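Each remark here refers to the structure printed beneath this line.
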Number of protein chains: 6
Amino acid sequence: MKILLANPNMTEAMTERLAQVARSVAAPGTEILPLTAPRGFPYISSRAEAQIAGAIALEMIAPHAREVDAVVIAAFGDPGLDAARELFDLPVTGMAEASMLAACQLGRRFGVVTFAPWLKPWYHASVRDLGLEARFAGLRSAEDIDGPVTEVASTMRDTLLRLAERMAREDEADAVIFGGAPLAGLARDLAPDLPCVAIDPISAAVTQAEALVRLAPRGADRGAYARPPAKPSEGLDPALAAWIARAP
Amino acid sequence: MKILLANPNMTEAMTERLAQVARSVAAPGTEILPLTAPRGFPYISSRAEAQIAGAIALEMIAPHAREVDAVVIAAFGDPGLDAARELFDLPVTGMAEASMLAACQLGRRFGVVTFAPWLKPWYHASVRDLGLEARFAGLRSAEDIDGPVTEVASTMRDTLLRLAERMAREDEADAVIFGGAPLAGLARDLAPDLPCVAIDPISAAVTQAEALVRLAPRGADRGAYARPPAKPSEGLDPALAAWIARAP
Amino acid sequence: MKILLANPNMTEAMTERLAQVARSVAAPGTEILPLTAPRGFPYISSRAEAQIAGAIALEMIAPHAREVDAVVIAAFGDPGLDAARELFDLPVTGMAEASMLAACQLGRRFGVVTFAPWLKPWYHASVRDLGLEARFAGLRSAEDIDGPVTEVASTMRDTLLRLAERMAREDEADAVIFGGAPLAGLARDLAPDLPCVAIDPISAAVTQAEALVRLAPRGADRGAYARPPAKPSEGLDPALAAWIARAP
Amino acid sequence: MKILLANPNMTEAMTERLAQVARSVAAPGTEILPLTAPRGFPYISSRAEAQIAGAIALEMIAPHAREVDAVVIAAFGDPGLDAARELFDLPVTGMAEASMLAACQLGRRFGVVTFAPWLKPWYHASVRDLGLEARFAGLRSAEDIDGPVTEVASTMRDTLLRLAERMAREDEADAVIFGGAPLAGLARDLAPDLPCVAIDPISAAVTQAEALVRLAPRGADRGAYARPPAKPSEGLDPALAAWIARAP
Amino acid sequence: MKILLANPNMTEAMTERLAQVARSVAAPGTEILPLTAPRGFPYISSRAEAQIAGAIALEMIAPHAREVDAVVIAAFGDPGLDAARELFDLPVTGMAEASMLAACQLGRRFGVVTFAPWLKPWYHASVRDLGLEARFAGLRSAEDIDGPVTEVASTMRDTLLRLAERMAREDEADAVIFGGAPLAGLARDLAPDLPCVAIDPISAAVTQAEALVRLAPRGADRGAYARPPAKPSEGLDPALAAWIARAP
Amino acid sequence: MKILLANPNMTEAMTERLAQVARSVAAPGTEILPLTAPRGFPYISSRAEAQIAGAIALEMIAPHAREVDAVVIAAFGDPGLDAARELFDLPVTGMAEASMLAACQLGRRFGVVTFAPWLKPWYHASVRDLGLEARFAGLRSAEDIDGPVTEVASTMRDTLLRLAERMAREDEADAVIFGGAPLAGLARDLAPDLPCVAIDPISAAVTQAEALVRLAPRGADRGAYARPPAKPSEGLDPALAAWIARAP
């Protein structure tokens, strides 16, 4: 099975780290194809940036849509997730959604811990989209980021551990999700020190993608994720424009 | 007061019609500045197209953000609304959100009538985003579009009237919103024949923008709509990139 | 445009203050007609008092229902709002509802700050009625009122400022509404010192009333706000009784 | 135990019928004290009328508040219920609320059947107030009332039976409440012909009042139903004004 | 009226205490028939134990289903409640559900206080089942149990009082329920020292059972609590197996 | 990876069919260990039966809890799911929950189609437990079962297909789940004839179990699924009793 791991951020090192964790949890025979955003932002951290990066994610998927079995949008907050599901007839998973769905099977309430406060409104939107607010224990973040974004998993390790502990004790979270691509793999590292289940989003997104591919769903002809009718466009990325125009 | 009416669709005729209706309801002294999308789609009709057009809406607003008092995103479904509110420190309204908020003051339950079924999942997302599902009577559309999209207000007039009547009688909607930019102004035309309140989205978006400007809100320093920190980018529209980079 | 500003409290000074703020935000050509309750309470502060004052609000509106374009019920908690909308075929707005709807366009979550704890259950009911609990960050009040109710905007200024700051920082409110007629105008005064958007309820109620009048809605023939059939009564205020009886 | 049965409608015959049904279900030793509204409407059938009649209900209770163990507000829609609970330190039950709470113990989903469409928005508000929309199967009514309101239990018997059957079969209601004071006792009459549980609101209100008195709750010193501080007033019913002023 | 008080715990002393409190609140003429679990656990305190004890509760009810007018499942958390309502055609009440429904008539928000943290996830499920989360102020418990479970009402009296006070002041609970069979009767003892309404679950369950019997509901032929078709089984308690098989 | 497929029904043929479908979707290296209930019912079809069968499921899991990596409770309705998660420190999935979580990644709204009406209240409870009512399009079933329960996948094939089509067209379900163990594998067979995504519950439960095992979650020390303290018992299955007593 081939899974496209599309990182809508432009940071190569982040993509490599995400791919490495993804491969470590994937089933035998699953191939991970990592892709880094060719334009946009080094690291998305707001809904404005996600609006733009979500469109870029579609540009990244279009040229590969016929070559892979599934797509993982490798940014917490899942930019472009609904749009990609509508446009492409293969399973698409997101790090936020997948980790929340896994969390619902490992605890009653889940919370999200992240490294910077400005990520919270964006991440909160994923909970609403999913319709899982009844299972949501809240979001906790440090007051401010400490060190370069690519390093926070180490520079902020203790802070994030303490936030997760508080989430388990004060917010009654049974499972804590470590949100944000730079935290890929951190959950497994912190799990032994936590009184609750710790969830790693990229691991959840990849294993959910595998699960969906095995279900072998036929794309719908109608409804929320039916592919829209062909549409002309101007000034868009050529591959994406061709896909939207249903050009041969 | 100056209000930028940003139509994220590329169809000039649609912008003109929207501006004409907007001016007919605006208060004395309100100036409407219409703008048509320079790239993208002739008419947005899916979440995938809205993901892209929402990013284009940001490109349209950036060069004018310092010249106007408020912005109306002139497409039902409100592409880029949250992103624009986060990025720009002035009131931004959307046709879907504004018409739903007006509807809540004119009836207990509101519904949305539109001209094509593929619009429904996208429009439904606006109700969820707003958190008003408890007031929502549902969405009704024709089985298929009849005639060119720019003409549906006339070619489909009777169909839309019947759908609105059913919505009032069968779905217990007290107010019906005629969703979709091509239906601008239709509500006033159909109102006398309806047993419920009929709401025109562009009129609602403009009058809500006026109301917000008069409240003279200071932009927040923190929270969901605080402007994100400066961020570099590559391959974006220059004016938007400069705004996001907080370049002087 | 003529807007009846009906203050269901008996305190003239409060009505004057409300009218002054209302005029300061109204559009050119909007005329504010202030009215003070002829009977009832100096200041409503419980649901029991609101039950009675809501009926008095109907008595105040009835004699003017044919002379004005819209009505503002000028007490936070909106006594008689649904009843007035049902009975009279013109737009009616309330300070609580209007400020919450404005808040939803200026932030993701809104909270309400007020000056006495016994107001909280009553004000909370407005959030439920509106169906906006998903957007609600909570209510904060001082432990007790300090000074005469007509003076709290000055005597309790610092306390209210601190409560609003806590609401922004601890409850993650993006917008804070200063609830209670005696706080009219306070939001604009405190805004520069707050990290969040500050909303003034009477300003919101008046600008929403203007917005609704411009939409020129036709009253519904059926549904939640359709005018009830004529009904005889005994022992009610004559003008209201005549209106309810649909007497010529 | 003494229970005040306060009918906020002015129709004596209705009060007698309500009292008769109430006595038929009350426990040994329970005394029912029926009271008919001295002013207001022959029969309340809208929220505007309920706003006024709710205030009249408070006037009816005030002179008896020290003589009885509990109060039943004997109109479906429960006019003045929250206000009465706040003002008087004894258990107060309502026909709508009590029947819905009983229904939740006899079925998963309950619906309400009534005789006229204009009652529906008012009755629906009781479901929202209670917060039980998750258990609510909907409201069904005849297209129009048939015969005098005091006679509908007989003139509309078959229509109401058919509506209840449809509610059980089409809306999946496990329990059907026959809403509206004129339908007192009808549920027991129709039960044998229905595939679902049939609930009589006045019976539910009286048995709930008995249940609450046996719990012997102490009134709260604070919170949603704490008695408000003493308050002066003008132009109100003397007994009610004295109670609100906490006059000796 | 005969009410079976089925304690799914194996502790006789607990049953006696529950029966004593039940008799103290029951109406004249109500007979309480106490029954202690013949197998299972001395005291249920988790959902796993409740899964098993709920099945045992059905075994306890089956032999008596034709002799009594109603059943009270005498364990907070209501093990087997839905199953019993489905299987037996008489009113069945639970201590958690009944106390929450009573609380809704005595305050706007209710909370639950109990003696051990591991009870919280189980008790929380009762709030969700009922669909009353909108009225729920939360659960508070001591950090750990102090003394034998049968003694906690005395050994932990002060701790529980303080928890209830905090619930009233910090969580804005208007009514506090003392959850857990060992706390039977404690509410009446603590009420005078609390600023909120205190509710005793066994008293609520018995008075609700009386209220339902007086409503004389006919069992439903269809829907959520219709008795399932006859079913063979192996290895179950003979009386229960016979009932499920609808053996004569 | 070893997955215990515990069928709480007593029908061997059903277990074989479930195991066959499970193996057809499992990843390379996944071993399916099927187990049939040693006591209870040939086929569970009510909440009363599920209450009992859920306890039996715990008896089935206990002797194998140390030998396997995950457990699938192989009955739609997920009897004993929460209890098993609390009691055993390994991932446990259920057919209803897993198929709903998969559906949320393949469509906006999901519905459930099954073969008999009495299954609906039980299956509906799974949607509520999960907290996904916002994504739920409803339940549809035939009026009555046609043929032996083990044969319904073939005897009722066309009926079930038509129900799924109606669910897609009338209820706007994007994904339809074929609920009930006897329908194992049917989704793949009907998918080509449906306008929506078709989901097979046992396939979803197995692939979700695999996904969770790959996440390698540590069991929580506290919270909703923490293992309860050791507890003595009488009259329970010895292996289960030993596990609950934490006997060595």
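Just so we're on the same page: letters track the sequence lines, and every chain starts at 1. This structure is a prediction, so every number in the text was calculated from the model and none was measured.
- Highest contact tally toward chain E, considering only D/P192, D/A226, D/A187, is held by D/P192 [criterion: heavy-atom pairs under 4.5 Å].
- Using a 3.5 Å distance cut-off with no hydrogens or angles, the side chains of E/E210 and E/T30 do pair a donor with an acceptor.
- Proximity to chain D is limited to the side chain of E/L212, based on heavy atoms less than 4.5 angstrom apart.
- With chain D as the partner, the residue from E/D82, E/D129, E/V213, E/L81 showing the most heavy-atom pairs under 4.5 Å is E/D129.
- Contact annotation for D/A102: both backbone and side-chain heavy atoms come within less than 4.5 Å of a heavy atom of chain E.
- With a threshold of 4.5 angstrom between heavy atoms, D/R169 approaches chain E through its backbone and through its side chain.
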- Message: The test is side-chain contact (heavy atoms from CB on, under 4.5 Å); show your working for D/E172 and D/M167 and say whether it passes.
- Response: CA-CA 6 Å; D/E172 300 192 316; D/M167 190 147 254; over 6 Å; no

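- Across all non-hydrogen atoms, the minimal contact from E/L183 to E/T114 is CD1-CA, 4.4 Å.
- Of the two parts of D/E97, only the side chain, counted from C-beta on, holds a non-hydrogen atom closer than 4.5 Å to a non-hydrogen atom of chain E.
- The residue among D/V206, D/I199, D/V92, D/L194 with the most heavy atom pairs within less than 4.5 Å of chain E is D/L194.
- Neither the backbone nor the side chain of E/A216 comes within contact range of chain D, judged by heavy atoms closer than 4.5 Å.
- Ring to ring, E/F88 and E/W243 are close: their centroids are under 6.0 angstrom apart.
- Contacts of E/A175 with chain D are absent, with no heavy-atom separation under 4.5 Å from either backbone or side chain.
- Side-chain polar atoms of E/Q208 and D/Q208 form a donor-acceptor pair below 3.5 angstrom.
- If you tally non-hydrogen atom pairs under 4.5 Å between each of E/A134, E/G131, E/A27, E/S203 and chain D, the highest count goes to E/A27.
- In this structure, CE in D/M100 is found 9.0 Å from SG in D/C104, a value given to the nearest 0.5 Å.
- Side-chain atoms of E/Y225 and E/D89 form no donor-acceptor pair, as typed in the model, at a separation below 3.5 Å.
- The contact between D/R85 and chain E is made entirely by side chain atoms (from C-beta outward), counting heavy-atom distances below 4.5 Å.
- Checking side-chain atoms of D/D174 against main-chain N and O of D/R109 turns up a donor-acceptor pair under 3.5 Å.
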